[in-house]
Amino acid sequence: MKKQLGMKEMLLATVCAVGISGGAQAQFAGSLNLESIYEKGNGGFGANAGLMMPLFSAPTGMFYTMIEGGWRGGFNHGGSPVGSFGAGYRFLPAGVNGVGIGLNGSFDISQSDSRNRFYGTTAGLEIFIPGGLSISLNGYIPVLQKEKGVSSSSVNTQTTELELRDKTPGSCNPSNPQVCVPILVGENVNSTTQVTERNRWSADLQIAYRLPFFQSIDITPNVGVYMMDRDGKQLKGVEAGLDVALPLAGGVQFTMSAHGRRDREIGTVASFGLGLRVNLGPAAIVNDPRQRFLSQAPRRMALQDRARPEVRSEVTNVVTHIEEAVKWDKTDAVVTELRYVNAANQSLAHEQADALADGGILLIDGPVTLDTDKNLLITANNSGVVGGGTNLSFQGVTSGLSATYAAPGTLGDINEGAGSTIEVNLLDVQFAKNVYVNHLRLTGSSLGMNILKSEQVVVEDVKIDTVRGLLVEGSRDILVKNFQINSSI
């Protein structure tokens with residue numbers, strides 16, 4: 001709020017200075033314009049104020065100063081104040097009724113809807129033709145900082161999948177896997193959207209014609225075209241309007257205006273204005289339609305429009321490739337390998353169990369019959385023995401991203417080998433720590449499962465159909481859940 005007040009104070013000070021400097025007797029008149037504005041489709045209510053004051057004049061020319069201020073976008077919701085001050089010269093070699101030419105320039109200050117303040121200069125060329133026609137060409141050039149931030153936001157998206165890789169060449173053949181290493185692969189995409197406003201150059205051409213039908217009523221239709229810099233293709237637009245000034249008293253006129261403009265950034269915008277114009281100077285000059293016409297400020301795009309910033313949205317994507325080991329939620333340890341046992345390789349079942357590394361998981365798919373006098377011996381720490389058809393929940397060790405692996409097949413059904421000559425423990429967990437056993441059925445004539453000198457062993461959803469069921473020796477922290485034994489323990 002302090003910055004806005006500072007700009008208004010500066011504009012007020014300039015008005016006072018202009019009033020003092022314009023106190024000298026002038027050949028041409030000046031004017032003060034006050035107008036309230038309503039814009040449909042682009043900001044609502046606002047106001048404009050402008051003062052043009054001769055500094056010195058002669059029958060063939062006038063050097064003047066001008067100041068302009070305004071506010072768009074409503075008075076209670078932030079709004080967009082603007083201000084401009086400058087000077088110009090109008091040269092009429094044949095007098096006020098002849099062809100004239102004018103040059104003008106101003107320093108402009110504007111504030112966007114996003115509260116960014118921009119600075120620029122406007123230079124203009126005017127041509128006055130007898131009969132009430134005027135043509136003006138104007139250009140706006142930004143100065144100082146041209147680009148300012150509006151907002152920034154980030155969105156993080158991740159795509160991952162679990163990939164099974166060979167531990168040794170060919171060991172993870174998709175059609176007949178033996179030993180696989182699970183790896184989490186994917187991408188992490190961080191998308192940052194940076195919205196900025198850029199102060200840009202603009203140019204406009206204005207043509208106005210005061211209708212000659214009335215002496216004291218000014219009716220001035222006008223048209224214009226404009227162009228603005230824009231990333232990619234330059235922005236082009238058109239505008240048209242009608243200004244009407246009705247006499248009141250003492251050189252004061254009641255003004256009405258209706259204007260419309262269109263371009264591909266704002267679409268179609270209509271504005272309507274009501275106000276007062278105070279024509280400054282002797283009555284003989286004020287009552288002359290030509291001199292009133294020449295005493296108005298240069299016709300150009302409103303400052304809010306010619307200094308409208310370009311809003312840019314830039315998206316930056318930072319892609320991080322993910323390739324990492326996974327942890328199993330049942331052991332909270334890194335999974336080093338997956339070993340597979342099924343009817344096709346059941347003769348190697350005991351070898352697969354013996355070779356299971358720390359952090360490995362032995363997957364039993366469907367009915368598996370062990371070789372005679374052989375069993376499954378598990379000595380690996382942080383390991384597991386799981387039946388087929390089970391979903392294994394993994395998590396990337398670095399990213400923490402989740403992945404699920406569906407163990408192939410059906411319930412692991414481990415059967416004692418035919419013709420056993422010795423008592424065999426079908427599943428033996430010995431000297432191991434942190435082992436998870438799940439979704440199995442053990443069938444045989446001797447001991448189903450033995451846990452020897454181990455700790456932190458979880459047995460869940462296991463059915464034992466053996467002469468002797470489960471034996472726990474010298475072990476601790478053993479948890480048995482959803483466990484069915486059709487024999488003695």
Side-chain angles (χ1 to χ4, degrees), residues 157-168 170-188 321-346 348-349 351-353 355-369 376 378 380-415 427 429 434-443 449 457-463 479 481-484:
T157 57
Q158 298 160 333
T159 57
T160 58
E161 63 178 352
L162 193 70
E163 185 176 293
L164 301 181
R165 296 181 179 177
D166 290 339
K167 185 166 187 177
T168 58
S171 68
C172 194
N173 187 328
S175 61
N176 186 26
Q178 300 296 314
V179 187
C180 297
V181 178
I183 299 294
L184 188 68
V185 297
E187 287 184 343
N188 182 75
H321 295 281
I322 299 171
E323 184 172 319
E324 58 183 344
V326 296
K327 295 190 300 182
W328 188 22
D329 66 337
K330 299 302 182 182
T331 60
D332 196 33
V334 174
V335 181
T336 57
E337 62 180 18
L338 301 175
R339 288 184 175 268
Y340 298 82
V341 174
N342 51 41
N345 70 344
Q346 61 185 8
L348 301 176
E351 296 180 9
Q352 288 281 68
L356 188 67
D358 287 350
I361 302 174
L362 183 66
L363 301 174
I364 311 295
D365 172 15
V368 172
T369 301
L376 301 181
I378 304 298
N381 297 320
N382 304 315
S383 61
V385 182
V386 178
T390 304
N391 289 329
L392 306 182
S393 297
F394 296 142
Q395 187 179 63
V397 294
T398 302
S399 67
L401 298 175
S402 299
T404 300
Y405 175 64
T410 58
L411 171 73
D413 189 358
I414 303 172
N415 297 276
L427 179 58
V429 180
N434 194 18
V435 179
Y436 181 73
V437 180
N438 177 247
H439 201 49
L440 297 176
R441 178 179 178 181
L442 306 175
T443 304
M449 183 175 180
V457 179
V458 177
V459 180
E460 183 176 4
D461 191 22
V462 173
K463 182 179 181 181
L479 177 61
K481 299 188 293 183
N482 194 23
F483 188 72
Q484 181 179 347

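Here, residue 1 is the first one in the sequence, and each next residue gets the next number.
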Distance from [X] atom [atom1] to [Y] atom [atom2], nearest 0.5 Å?
X: L440; Y: K463; atom1: CG; atom2: NZ; result: 13.0 Å
X: L162; Y: L392; atom1: CG; atom2: CG; result: 9.5 Å
X: D413; Y: H439; atom1: CG; atom2: NE2; result: 10.5 Å
X: L401; Y: T159; atom1: CG; atom2: OG1; result: 9.5 Å
X: T398; Y: K327; atom1: OG1; atom2: NZ; result: 9.5 Å
X: I364; Y: Y340; atom1: CD1; atom2: OH; result: 12.0 Å

Identify the heavy atoms of A325 and I183 that sit nearest to each other, and give their distance.
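Of all heavy-atom pairs spanning A325 and I183, the closest is CA-CD1, 4.4 Å.
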
Please report the shortest heavy-atom distance between D166 and N173, naming the atom on each side.
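Minimum heavy-atom separation between D166 and N173: OD1-N, 4.2 Å.
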
Test of understanding: with ring pair (Phe, Tyr, Trp, His ring centres under 6.0 Å), list the residues that count as partners of Y436, not counting sequence neighbours.
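Ring pair (Phe, Tyr, Trp, His ring centres under 6.0 Å) check on Y436 returns W328.
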
Who pairs with T404 by side chain to side chain contact (heavy atoms under 4.5 Å, CB included), at least two apart in sequence or on another chain?
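Here the qualifying residues are N391.
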
Side-chain contact test, heavy atoms from C-beta onward, threshold under 4.5 Å: evaluate it for [X] versus [Y] and give yes or no.
X: Q352; Y: N345; answer: yes
X: N382; Y: D358; answer: no
X: M449; Y: V429; answer: yes
X: T410; Y: D365; answer: yes
X: K330; Y: V458; answer: no

Ignoring hydrogens and geometry beyond distance, is a side-chain donor-acceptor pair present between N482 and E460 at under 3.5 Å?
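Checked: N482/E460 side chains show no N/O donor-acceptor pair below 3.5 Å.
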
For the pair S171 (side chain) and V179 (backbone), establish whether a donor and an acceptor sit closer than 3.5 Å, ignoring hydrogens and angles.
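Side chain of S171 to backbone of V179: a pair is present.
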
Does this structure show an ion pair linking K481 with D461, if we count only N-O contacts that are shorter than 4.0 Å?
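Between D461 and K481 there is no salt bridge, as every charged N stays at least 4.0 Å from the carboxylate O atoms.
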
